[in-house]
Amino acid sequence: DGGITQSPKYLFRKEGQNVTLSCEQNLNHDAMYWYRQDPGQGLRLIYYSQIVNDFQKGDIAEGYSVSREKKESFPLTVTSAQKNPTAFYLCASSQGTGVTEAFFGQGTRLTVV
Amino acid sequence: QKEVEQNSGPLSVPEGAIASLNCTYSDRGSQSFFWYRQYSGKSPELIMFIYSNGDKEDGRFTAQLNKASQYVSLLIRDSQPSDSATYLCAVNKLGGYQKVTFGTGTKLQVIP
């Protein structure tokens, strides 16, 4: 089945640690996105990538880093510089050309302990 | 100015009524428009998409697009308590590399 897989579903981080959230897609999509969602709030764009080896900052990139070495993979690292990382993180992808919607993974819930 | 704007709500409607959700966008180059529904703690799921001016109906849902006024709306007829969720508007545009832009969503509460 084609889709987007995020792992892990739940992640706990100690203060001061970096953690990496995985996002893999087998839809052959060019564009991939990372969003953060806080309780009761909307989606906020962290980073997006429109093509391999290129990515752009979104609205709240501080304290996060990404890489796009492969078309199917777009991992997000939450660094220790992100002071309030507890949130629900969603990865999405969309076709690079033409008019298509974005597809979402099931999300990763990150909690700082 | 945000690229895609929605009223955060909550929008409360009684069961059986019509819920009207609105979205405005700033980029006149936007070509495709999407409505997603997100239940609490879950991923957004696509409800409808619309590309052309006018109305598009799918069951109890109707999407309306007015490119001249740069707004898109979603009507939900015969609202049910199961429709209670956050509704996200998203826009995309042709040409070059793609970027889908989301609004922050409107929370809908359907009161039994």
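Scope of the values below: all heavy atoms of this structure, side chains included, with no hydrogens, waters or symmetry mates. Letters A, B, ... are given to chains in the order of the sequence lines, protein chains preceding strands, and every chain is numbered from 1.
The hydrophobic cluster containing Val52(A) does not contain Phe55(A), counting ILVMFWY residues as joined when their side-chain heavy atoms lie under 4.5 angstrom apart, directly or transitively. Tyr64(A) and Val112(A) end up in different hydrophobic clusters when Ile, Leu, Val, Met, Phe, Trp and Tyr side chains are linked at under 4.5 Å. In the hydrophobic clustering of this structure, Met48(B) groups with Tyr25(B); members are Ile, Leu, Val, Met, Phe, Trp, Tyr whose side-chain heavy atoms approach within less than 4.5 Å, directly or through other members. Residues Trp34(A) and Leu90(A) are members of separate hydrophobic clusters, defined by side-chain heavy-atom contacts under 4.5 angstrom among Ile, Leu, Val, Met, Phe, Trp and Tyr. Residues Leu75(B) and Phe49(B) are members of separate hydrophobic clusters, defined by side-chain heavy-atom contacts under 4.5 angstrom among Ile, Leu, Val, Met, Phe, Trp and Tyr.
The distance from atom CZ of Phe102(B) to atom CD of Gln37(A), rounded to the nearest 0.5 Å, is 11.0 Å. For the atom pair Leu88(B) CG and Leu43(A) CG, the distance stands at 5.0 Å (nearest 0.5 Å). Note that CD of Gln41(A) is 10.0 Å distant from NZ of Lys107(B), once rounded to the nearest 0.5 Å.
With a threshold of 4.5 angstrom between heavy atoms, Arg109(A) approaches chain B through side-chain atoms but not through N, CA, C or O. For a residue to count as touching a neighbouring chain, one of its non-hydrogen atoms must lie under 4.5 Å from one of that chain's; by this rule Leu45(A) touches chain B with the side chain only. Neither the backbone nor the side chain of Glu45(B) comes within less than 4.5 Å of any heavy atom in chain A. With a 4.5 Å cut-off on non-hydrogen atoms, Gln56(A) does not touch chain B at all.
In terms of modelled atom types and a separation under 3.5 Å, the side chain of Tyr33(A) and the main chain of Val100(B) share a donor-acceptor contact.
Taking the side-chain contact (heavy atoms from CB on, under 4.5 Å) definition, one finds that Ala61(A) meets it with Tyr47(A), Lys57(A), sequence neighbours left out.
Using a 4.5 Å heavy-atom threshold, the side chains of Ile4(A) and Ser43(B) count as separate. By the 4.5 Å heavy-atom criterion applied to side chains, Asp59(A) and Glu3(B) are not counted as neighbours.
No more than 12 heavy atoms of other residues, nucleotides or ligands shown are found within 6.0 angstrom of NZ on Lys42(B). Within a 6.0 Å radius of CZ in Phe61(B), other residues, nucleotides and ligands contribute more than 12 heavy atoms.
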Could you please spell out the steps behind the ring pair (Phe, Tyr, Trp, His ring centres under 6.0 Å) verdict for Phe104(A) and Tyr36(B)?
CA-CA 11 Å; Phe104(A) 284 87; Tyr36(B) 288 77; 5.8 Å; yes
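Between chain B and the options Ala92(A), Gly58(A), Gly42(A), Pro39(A), the largest number of non-hydrogen pairs under 4.5 Å is found for Gly42(A).
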